[in-house]
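Data block below; observations after.
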Amino acid sequence: MFDVIVIGGGVIGGCVLRELTKYRLRVCLLEKENDVCMGQSKANSGIVHAGYDAIPGTLKAKFNVLGNKMMESYAKELGVKFRNNGSLVVAFSEEEKATLSELKTRGETNGVEGLRIIDKDELRSLEPNISDEAVGALYATTGGIISPYELTIATIGNAMDNGAELFTNFEVSNIEKTDDVFTVTSTTSEKVSATLVINCAGLQSGKIASLIGDEIGVNGRKGEYILLDRESGDFVSHTLFFTPTKKGKGILVTQTVDNNILLGPTAEELEDPDTTTTANGLDFVISKAKTMCKNPPLFNTITSFAGIRAYSDRHDFIIEESKTVKGFIHCAGIESPGLTSAPAVAEYVVKELVGKNVSLQSNETFNGKREPDYFFKNLSTEEKNALIQKDPSYGKIVCRCEQITEGEILRVIRENPPAKDIDGVKRRTRSGMGRCQGGFCQPYVAELLAKSQNVPLETITKKGKNSYLLTGVTK
Amino acid sequence: MKNSYGIVIIGGGPAGLAAAISAYDNGVKDVLVLERDDRLGGILNQCIHNGFGLTRFKESLSGPEYASRFIEEALARDIEIMTETTVLSLTADKRITAINSKNGIFTVQAGAVILAMGCRERSRGALNVAGTRPAGIYSAGTAQKYVNIKGYMPGKRVVILGSGDIGLIMARRMTLEGAKVLAVCEIMPYSSGLKRNIAQCLDDFDIPLYLNHTLTKIEGEDRVTGVVVSKVDENKKPIVGTEMHFDCDTVLFSVGLIPENELTKSAGIPLSNRTRGAIVYQNRETLVDGIFAAGNVLQVHDLVDFVSEESELAGASAAKYVLEGRAERDTVEISAGGNVSYVVPQMLDKNASGHVKLFFRVTNVFRDCTITAKCGEKVLMQKKKKIAVPGEMETLILTEKTIAEIDGPITVSLEVNAK
């Protein structure tokens, strides 16, 4: 029996879960996949938005600005890489320049600080590879970048370190409430009970809501991306947006916290969205990147991918307690700027919505600090050598491209939330995220997983379920 | 382990081994080889098929057999070898920082460095192939490692994209292990693999090769369930309406090899954008003093026999550099002319003695053609070919006498003979 069940192991579920562990509550997280962070939190732009985009008065505007202010220290405490690189909304015509002034005013109304319109010359000095056609930009100095999966995994890991329980491969199929207790059942008939349930199910949040009879319209918007090698990492240093027009927002061109260059996303609203990439989508990304910048180094492409962002038919976040079922809280339709907003949303949900239902008593033993998964690189040579002497596995490079050691991989298989498959190791350590895309390290990582879990190699998966790497032994 | 060595070689595969032996035999007795894997031999260890050594040893060896000849030679000399040691950085003044479990992170100073890091496979990601990202997508070399080293099968029904040699070899290997290889697709009108591999790996097993075809979609959520293959037009764009669907659980990519030059770049050594390897003189010295490069890190070879030959040259040159220093150069550039994609070496030092063998590839399939090395209008060397293909490296030799006559840049080009 738990006090609170959180459904959905994305960034919202993760931040909410962690926030709950600050109080004396028994909490758990239900995740339908083999690992946490398997939905939109793993495949998005990783932008910490300044907050000029959201319509004043919306939840998006409120939580974006709050979340932006919280993010740096939040990330630091959790050992998550964050960089305040600044965003530039680039105008390509006088008409677009007028839109920049509107955005600036909107941002100021929302409480965004450090907004400034810059001219062509200043833009060029900030971003030498910007297109010659660009005429100016809105410079949002508080814009930043973060690794969304690192943040999600860190919040959940830290919550687990503080007592939260994680159930993976738990796909919710039924929710019942009897005598003020919710019983949540999985497709494999596992049951978990609690006094409160928080729906953070992302793309599935409409479906989860329907299990208690609430109607929330949540749809998916597909976005395709192209990722470039770190070798081209200094191609741009800020996050470059197109000026939003009636035709849409275009794509962004940004550095990532790991010094890759990310191009995308497309925005395709689909009935039944999937994460396939398409030739048309990737061509669109390429053509837009070429409009934004001179000669984007596309020859350094290392991968392309697609993610689905959930959005609600209200076109704002839905953060509220069910009107019909007391104790059931929705965090639904959390699209961009959801990542930025997550810490602020979590604080609000726990203090206001959970606090309304149960009394919140501080958990004195809560420790919000977490050592980063990807920590080895940050050590000095002396520290690294001391560690290698104690644990020689830190002297063995497994992933050549990203220079990730065996010690780092074994650590994420061991620690919260434990990596159970190849992609889980990849998201935690970056092993396999480099230019060879796991060509060299995958067999090695698979063996480390099999050995640590004491299972045969052919049971190791890429990402749980039936994603087996191997089909058997040789003759 | 010492703090400094006459010659440090990065990589203990076929290139590094041949370079080490040659450096030692040419008089430098403190040679260190740094190898990231747990054993010497490099990629040859997983190439258990035969056909290696036909040129060099006049017999057909397996990869491990070919490697072992060099490993034995290296071990017979007083050459220091460190395995499971990864080089983290290299500077232009020849300081190498590396890591292993025993020594931690350490730095050594080299009198000369030989780069012998080999190459890596281009991945699916680099091609922007549309579709999903399930399990069951491998580069051919990764699949080869699973099968030949680990003893596991990466799949049962296989489609291969790219007809590079490793892809062809794996088509046969997977078939022999009981898998069904449904198709090998090649976007070009010709295979980039060796003719003998097309015959022995595909034709002998009735595996269809689809030229002018590419993969347009990968399907499957958890594991690959199928692929769509389309014919391409002359601009390599898929032609709508030509889609073929294959039910398969595995896709192998054999779409090119990329020299692994991250360390080279970190040391500020200029690379050729044609080969993606360092720009070198005929002695395989890069444009940074005392740093040499040989084997697949310099140019992707078809045959290991030529890797050994090139690496021996680099080893001997590095030894000469350490023992004698280097005399003043008189440099001319060598470049690729019409129908030739690259030439190695790119720089010729006229003051160096001996003949120079030029290695290059042609850009397409040509029949009844003439390959010419020219200096201005002067023909230096010429040879006629019945057929020249991009998949097979070409060579031309400039004799010492010819080199003496050179007074300007050299170009190598191919012309189709008039009928």
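Chain letters run A, B, ... following the sequence lines, proteins first and then strands; every chain starts at 1. Quantities reported herein were computed from a predicted structural model and do not represent experimental measurements.
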- Message: Please classify the contact of B/Glu219 with chain A as side chain, backbone, both or neither, using a heavy-atom distance under 4.5 Å.
- Response: neither

- Message: Using heavy-atom distances under 4.5 Å, tell me whether B/Val224 contacts chain A through its side chain, its backbone, both, or neither.
- Response: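 Neither part.
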
- State which residue, out of B/Arg173, B/Glu177, B/His49, fulfils the side-chain hydrogen bond (donor to acceptor under 3.5 Å, both in side chains) condition with B/Asn148.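 Looking at B/Arg173, B/Glu177, B/His49, the match for B/Asn148 under the side-chain hydrogen bond (donor to acceptor under 3.5 Å, both in side chains) is B/Arg173.
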
Under 4.5 Å from any heavy atom of chain B, what part of [X] do you find: side chain, backbone, both or neither?
X        : result
A/Leu469 : both
A/Asn385 : side chain
A/Thr275 : both

Max heavy-atom pair count under 4.5 Å with chain B, selected residue of [options]:
options                                : answer
A/Asp391, A/Thr474, A/Val473, A/Thr303 : A/Thr474
A/Gln403, A/Glu458, A/Gln442, A/Arg400 : A/Arg400
A/Lys463, A/Glu224, A/Glu406           : A/Lys463
A/Gly472, A/Gly438, A/Gly439           : A/Gly472

- Working for side-chain hydrogen bond (donor to acceptor under 3.5 Å, both in side chains), residues B/Thr83 and B/Asp38: CA-CA 5 Å; B/Thr83 53; B/Asp38 61 358; over 6 Å; no

- Item | Donor-acceptor under 3.5 Å (A/Ser232 side chain, A/Leu228 main chain) |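 Checked: no pair found.
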
- Side chain of A/Thr291, backbone of A/Ser287: donor and acceptor closer than 3.5 Å?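 Such a contact is found between A/Thr291 side chain and A/Ser287 backbone.
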
- Ion pair A/Glu447/A/Lys451, N-O distance below 4.0 Å: no

